[in-house]
Amino acid sequence: MAEKSEIVKKRKVPIEKVRNIGIIAHIDAGKTTTTERVLYYTGKTYKIGDIDEGTTQMDWMEQEKERGITIMSAATTTFWNNHRINIIDTPGHIDFTAEVERSLRVLDGGVVVFDAEEGVQSQSEKVWHQADGYQVPRLCFINKMDKLGADFERTIKMIKDRLGVKPIILAMPIGSEKDFVGVVDILNQKALIWDEKKDPKGGKFETKEIPTDVIKQAKKYREELIERVAEADEALAEKFLRSEEISVEELKAGIRKATIANQLVPIYAGASLRNKGVQPLLDGVVDFLPNPLDVPAIKGINPKTNKEETRPCDAKGPFAALAFKIQTDPHVGRLTYIRIYSGKLDAGEEVYNSSQGRSERAGRLLLMHANNREQIDSAEAGEIIAVVGLKEATTGETLCDKDKPIILEAITFPEPVISLAIEPKTRADQEKLGTALNRLSEEDPTFQIKSDRETGQTIISGMGELHLEIIVDRMKREFNVEANTGRPQVAYKETISKIAKGEGKYIRQSGGRGQYGHCFLRVEPLGRGEGFKFTNEIRGTAIPSVYIPAIEKGVKEAMEKGILAGYPITDVAVAVYNGSYHEVDSSDVAFKIAGSAGFQEAAKQASLVLLEPIMKLEVTTPEEFMGDVIGDLSSKRAQVQGTEARGQIRVITALVPLAEVPGYATTLRSMTQGRANFYMEFSHYQEVPVNITEKIISTKGGSASGGEAKQGLPAGRQGLQKRK
Ligand code: GDP
């Protein structure tokens, strides 16, 4: 593979002309196809669907594609109209919440792809609101206008109603379904026609007059657009009220401002698969999405002063960057993708990892293109690059200038909800398995590995069955390790439901060096998802403050072990309010044991309950199977939240305990002859009903299925079975 190839010479691009964007979509809406077309139109060297010549890089991409997850690296650099566009990969499946959060964190703008038949699906709705959280300005691409059942107007209405945004149409479709031929450029009032007969390979369009049957609608959209932009821009509002002509350039500037301020959302119609509508969308990215200077300065904490500081996008400022993805590349090994927020980084330079408090040397710096990579000497604020040679930095950590340290807001990831035991098929693979799992968990913070205290088995956990299946599959493909896995186990948790107190004592004072630790603790329930809080309420000298951390440590260990059924305890506030110590005999160890014992005593009196993960489920099915799907869900403790018709299909949304839906893919397939789809994502933890709690406690574990719980082995002692 060519580095510094002829095609991509380093083009120095001023920061105003950089766009860091992500393409975001519900699975199957067309993210992959759209991304591929974007790379084609922007890269020129990459032919549509033409994964040619079998170069290693392409093989690698082919594999990725086969897995249907992504076809690109974590950030792919490309050029359009003299602008550099860095496309940050976003995951196609909701099981990868961590990936969504991670990518939203570093991108400046997004293109959200919708399926014109299905409209706003609930995954898109969720990602949309996640993006709201990060205030990411967005464009919408209504894809699949050629598909049977495509409905532009309905999709726009859903965007308005469900996402609560003000859309403005920039490219409206001409025709629909098989008659979809192109779009009207609303600003310029021109038709862009992609003629498949004249240009069978696709991609070229001709500019024509607007066909008479859509002229009225095109005018209406333009009027609406002007009105909306004027509402958002005072100077334009005056002109509008005086009925003065507003030029296309003025409108563009107004749209840009309002889009970046998250007041308006530009909409484009197209059909990526038919090569229609992608170029206007790319113009939109350049015209309306922010450059790194347009977005607010990143915030962080100075680890020396514990005070908040900001780092505006400035190449002359102190260096600050966030590592947002680790990827193992078949050629150069570990690649750390970073977004530089401030300052400049040279190849070979030493950087300070403020999250870990140590320095390491960056090796080569790379820009990853769709079909090659480019070695660069340095990179500046606003840029996204891959660094070779960083061995320690992991996802979410800050790299910065040692003299001006800052820890940028870390990305928060949800806890895994499902786990299974895994072992290599042959003993010889034991070591390889360890390496593979470590690598994969390095790449993905929601994928965790631990070893079971009692059985010594390796337990992996993640965000859903599919998530773990993909991991096992990647181990086979990328690391050549075949594994047997146990039945998926639901990650239950324990919590308390009232306030209680407990005393912990560890006193040994006969012969030799004595031990003395003694504390009184109070436990209080916290809100769902709040985790753990620890406070020291000792005012006098009952326990010297040096021993407090040891008590906290003991409490944490006891929480980890659980009490009711051996599941970790969560959502508890613990306060140490009294105790005693001994001048000579007290030690950290003694206070740790006392803390652990005190917590256990308190928690046992605080009405412990079991919590289980509840999943949000969305099933998309032909109408004829709707009754069966709902009936099945009702038998699974599910709460059906709604049903809805979209074109030819029906959508059912429900909340269902994870324990009730093991292997739901298979269940649904056999129930609907494979014609329904679903996606599932973690929603929240909820108390397990009493009768089921009893069952789980009596089997001291519980399996992925409530029904199987009785015969299921305790968590961590699951029998291993062959993977199909
Ligand atoms: P992703 O899961 O969002 O990455 O979606 P893909 O790009 O893999 O597309 C999902 C399916 O939709 C594939 O079968 C594509 O061929 C198809 N598809 C993508 N774009 C279009 C389009 O513009 N029109 C039609 N009819 N199908 C499309």
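Every number for a ligand or one of its atoms is a count from 1 in the order of the listing. As a basis for the values below, the full set of heavy atoms in this structure was taken, side chains included, without hydrogen atoms, waters or symmetry mates. Quick caveat, the model's predicted, so the values are computed rather than measured.
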Quiz item: What atoms in ligand 1 come closer than 4.0 Å to a heavy atom of D28?
Solution: 1 (P), 2 (O), 3 (O), 5 (O), 10 (C), 12 (O)
Self-check item: Contact (N/O only, under 3.5 Å) between D146 and ligand 1
Solution: yes
Exercise. Please work out whether the ring planes of F152 and Y221 are parallel, tilted or perpendicular, with thresholds of 30° and 60°.
Key: perpendicular
Quiz item: Under the 3.5 angstrom rule, does the side chain of R650 hit a backbone N or O of P622 as a donor-acceptor pair?
Solution: no
Exercise. Indicate yes or no: does an N/O atom of S272 lie under 3.5 Å from an N/O atom of ligand 1?
Key: yes
Quiz item: Can you check whether F678 and Y664 have ring centres sitting under 6.0 Å from each other?
Solution: yes
Quiz item: Is R37 reaching over with its side chain to a backbone N or O of S272, donor-acceptor style, under 3.5 angstrom?
Solution: yes
Exercise. From the options R37, K144, E117, K147, select the one whose nearest heavy atom is closest to atom 28 (C) of ligand 1.
Key: K144
Quiz prompt | Per-atom contacts of ligand 1 with H26, taking only distances under 4.0 Å to non-hydrogen atoms | solution = 3 (O)
Exercise. Within a distance under 4.0 Å of any heavy atom of K31, pick out the atoms of ligand 1 and give their elements.
Key: 1 (P), 3 (O), 4 (O), 5 (O), 7 (O)
Self-check item: Salt bridge D132-R138, side-chain N to carboxylate O under 4.0 Å
Solution: yes
Quiz item: So H467 and F447, would you call those rings parallel, tilted or perpendicular, with 30° and 60° as cut-offs?
Solution: perpendicular
Quiz item: Between T33 and ligand 1, which residue portion shows a heavy-atom distance shorter than 4.0 Å: side chain, backbone, both, or neither?
Solution: both
Quiz item: Does E624 come within less than 4.0 Å of R675, counting only side-chain N to carboxylate O?
Solution: yes
Quiz item: Just heavy atoms, cut-off under 4.0 Å: does T32 contact ligand 1 by side chain, backbone, both, or neither?
Solution: both
Practice problem: Please confirm whether the backbone N or O of V136 pairs with a side-chain atom of D108, one donor and one acceptor, at under 3.5 Å? | Solution: no
Self-check item: Test of proximity, G270 against ligand 1: N or O pairs below 3.5 Å
Solution: no
Quiz item: Within the structure, does A25 bring an N/O atom to less than 3.5 angstrom of an N/O atom in ligand 1?
Solution: no
Quiz item: When you look for heavy atoms under 4.0 Å from ligand 1, do you find them on the side chain of A29, its backbone, both, or neither?
Solution: backbone
